[in-house]
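Just so you know, residue 1 is the first one in the sequence shown, and it goes up from there. Atoms considered below: every heavy atom in the structure, side chains included; atoms not considered: hydrogens, waters and symmetry mates.
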Amino acid sequence: MADDGRHPAHQGEDPPDVFTARRQKLAALREAGVEPFPYGFSRVEPIDTVRAAHVNLEVGEETDRAHRVAGRLAARRGQGGMAFLDLVDRSGSLQLQARVDELGVERMRLLLELDLGDLIGVDGMALRSRRGELTLRITNFELLAKSLRPPPDKHHGLTDTETRLRHREADLLANENTRAVFITRARMVTAIRRYLDAEGFIEVETPILQPLYGGAAARPFITHHNALDRDLYLRIAPELYLKRLLVGGLERVYEIGRLFRNEGLSPKHNPEFTSIEYYEAYADYLDVADRLEALLRQVTAEIGYDGPLDFQRPWHRETLAGAIRQRTGVDIRASRERDELAAAMRAAGLQVPETDSWPQLVDELVSKHVEPTLIQPTLLFDYPIEISPLAKRHRSEEGLVERFEAFMAGMEIANAFTELNDPDDQRRRFEQQRALAAGGDEEAQPYDEAYIEALEYGMPPAGGIGFGIDRLAMILTGQRTIREVVLFPAMRD
């Protein structure tokens, strides 16, 4: 679509005229020798730092304390010899006082001819106005970037969802809540890193372009490397590479990064998303469960989470088979064949997708009938071996593996194992996955001989987990769709 300068965020105005007027001001500035896009403005203080420095300033009191701030011009009041302006940066807003006896006639005129949305830098002295507002009396200012598009209406905000997501910069300008969501998300990631670093984990990086995808049940994106003349896959998970690092002696590792799964869009799915996976030698899935609870206790405390979920108490724990049986009446442990399970589901009045395999039917039971009921933090333990090709066999329950998934707010957020470290058993599991793929399962785990060779060096007993940063951010910021916590989500044309 051609860009004629109009923006759907500015409905109700005459955008072409506004755009033309701003372009004319840009030309006039340059003709007057004013550079509308200078290179920098050093030694800037955040506005909240300026505010914190003067919390005890009395009404009407002026200081000789100089400050330098920068931000976007958000409002303007008054003309002639004195005017007040509002400056906004990421940390907050600050009132500015402009006086002609301080700036001179020409500088005052230039300041008052600036448009809302222009970025400016200001030097000034702090004072408390007669109305009690902390104010910076301008001693000098500089235009830092001329805004050629009017900002969204601050009073009405930017509410159209399509516009907000396609023009996230406008959304961030208009909606304080959007800014708060992404600042909280960043603080959440920082808190996760702080916890793991303190526990002796090291952050690593593994390939995003992989010769063979693996580590999850998902379809990959495929790209082509011209110099190597070969197809590569965008990773669906870093798991197999991270466990190879355990083989190499890096006993506690984690990675936060982007994953890519060629799947549909939904309130819980974006094909490009951020996850964290961490692995710990000499731990099992029960240790991993305890660590996950401790991690999220610390993270929620650090970000000041005050929502409806309780992260301070021990999480509710069930077995997967027990959770399904309690909610549907279907006993997956008594129905180990595909047709048996399908018949049990029909007998319980449940729909049965005709082409689904036994593992896919189990997933159907969990996602449709169990997951939506799990609101408070919950762990489901002990999964069938057929749907867990990378997890270690259960030490006491035949046909199961030591695996748990974590749920909250009606959705799955984490997947964890006691990691399978027997190379011969792993080879057999890959063969079973190969058979599922031959039967039409597009999300079956491919056979990875290089990973088996790594296991043959000897991988220590270990526990590992992966969880989605985006879904956790949804929950901790109270958002109903993953698009609200991804700055630039995938969008249909």
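Other residues, nucleotides and ligands contribute more than 12 heavy atoms inside 6.0 Å of the CG atom of D231. Within a 6.0 Å radius of CZ in R336, more than 12 heavy atoms belonging to other residues, nucleotides or ligands are found. Shown here is E449, whose CD atom has more than 12 heavy atoms of other residues, nucleotides or ligands within 6.0 Å. Around the CD atom of Q312, the shell of radius 6.0 Å holds more than 12 heavy atoms that belong to other residues, nucleotides or ligands.
A salt bridge links E255 with R235: the distance from a Lys NZ or Arg NE/NH1/NH2 to an Asp or Glu carboxylate oxygen falls below 4.0 Å. In summary, D339 and R346 do not engage in a salt bridge, as defined by a charged side-chain N under 4.0 Å from a carboxylate O. A salt bridge is defined here as a Lys NZ or Arg NE, NH1 or NH2 lying under 4.0 Å from an Asp or Glu carboxylate O, and R166 with E162 meets this definition. A salt bridge between R187 and E302 is absent, with no side-chain N of the basic residue lying under 4.0 Å from a carboxylate O of the acidic one. Ion pair R338/E386 not flagged as a salt bridge, since none of the NZ, NE, NH1 or NH2 atoms sits closer than 4.0 Å to an Asp/Glu carboxylate oxygen. Between D48 and R51 there is no salt bridge, since no side-chain nitrogen of the basic residue lies less than 4.0 Å from a carboxylate oxygen of the acidic one. Here E431 does not pair with R428 in a salt bridge; the nearest charged N to carboxylate O distance is not below 4.0 Å. D422 and R393 are not joined by a salt bridge, as no carboxylate oxygen comes within less than 4.0 angstrom of a charged side-chain nitrogen. With salt bridges taken as basic N to acidic carboxylate O contacts below 4.0 Å, none links D197 and R194.
No donor-acceptor distance shorter than 3.5 angstrom exists from the side chain of E203 to the backbone of V253, with no hydrogens or angles considered. Put simply, the side chain of N175 never gets that close to the backbone of N177: no donor and acceptor are under 3.5 Å apart. A distance-only check finds a donor-acceptor pair linking the side chain of T319 to the backbone of G322 [under 3.5 Å]. Looking only at distances, a side-chain donor or acceptor of W358 sits under 3.5 Å from a matching main-chain atom of S335. Side-chain atoms of D470 come within 3.5 Å of backbone atoms of T274 as a donor-acceptor pair (strictly under, hydrogens ignored). At least one donor-acceptor pair closer than 3.5 Å links the side chain of R403 to the backbone N or O of I387. Proximity of a side-chain donor or acceptor of R185 to a complementary backbone N or O of V485 within less than 3.5 Å is detected. Although no hydrogens or angles enter the test, the distance criterion places no donor-acceptor pair under 3.5 Å between the side chain of E239 and the main chain of A216. Side chain of T223 to backbone of L232: no donor-acceptor contact under 3.5 angstrom is found. Side-chain N or O atoms of E442 include none that pairs as donor or acceptor with a backbone N or O of R219 at under 3.5 Å.
Within the 4.5 Å cutoff, no side-chain heavy atoms of D287 are placed close to those of E280. Under the 4.5 Å side-chain criterion, counting only non-hydrogen atoms from C-beta, D229 is in contact with H224. Contact check for V50 versus I47: no side-chain heavy atoms found under the 4.5 Å cut-off. When side chains are defined from C-beta on, R429 does not count as touching Q445, because their heavy atoms never get closer than 4.5 Å. The closest side-chain heavy-atom distance from R72 to L119 is below 4.5 Å. Using a 4.5 Å heavy-atom cutoff, the side chains of P238 and L259 are in contact. Side-chain contact between Y383 and F417 is absent, with no heavy-atom pair separated by less than 4.5 Å. Residues Q376 and H316 fail the side-chain proximity criterion, which asks for heavy atoms closer than 4.5 Å.
Residue K243 forms a salt bridge (Lys or Arg N to Asp or Glu O under 4.0 Å) with just one option from E419, E277, E251, and that option is E419.
The two residues M345 and V330 have their closest heavy-atom pair at CA-CG2, 4.1 Å. When every heavy atom of L320 is checked against every heavy atom of P384, the shortest pair comes out as CD2-CD, 3.6 Å. Residues I236 and A218 share a closest heavy-atom pair of CD1-O, 3.9 Å. Residues P460 and Y282 share a closest heavy-atom pair of CB-CE2, 3.6 Å. Across every non-hydrogen atom of H369 and T328, the tightest pair is CB-CG2, 3.5 Å.
Side-chain contact check for N270 and R483: no donor-acceptor pair (N or O, by modelled atom type) lies under 3.5 Å. Counting only N and O atoms by type, the side chains of D171 and T178 include a donor and acceptor under 3.5 Å apart. Between the side chains of Y195 and R291, at least one donor N or O lies within less than 3.5 Å of an accepting N or O.
Atom CG of N415 is separated from atom OG of S388 by 7.5 Å, given to the nearest 0.5 angstrom.
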- Between R149 and E169, is a salt bridge (charged side-chain N to carboxylate O under 4.0 Å, His left out) present by the stated rule, with each step listed? CA-CA 12 Å; R149 294 179 183 268; E169 67 285 353; over 6 Å; no
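Stacking of R252 on the aromatic ring of F201 is recorded, both the 6.0 Å distance cut-off and the 45° axial limit being met. R244 forms a cation-pi arrangement with Y241, by the criterion of a distance under 6.0 Å to the ring centre and an angle within 45° of the ring axis.
Checked against a 6.0 Å centroid threshold, the rings of Y447 and F430 count as neighbours.
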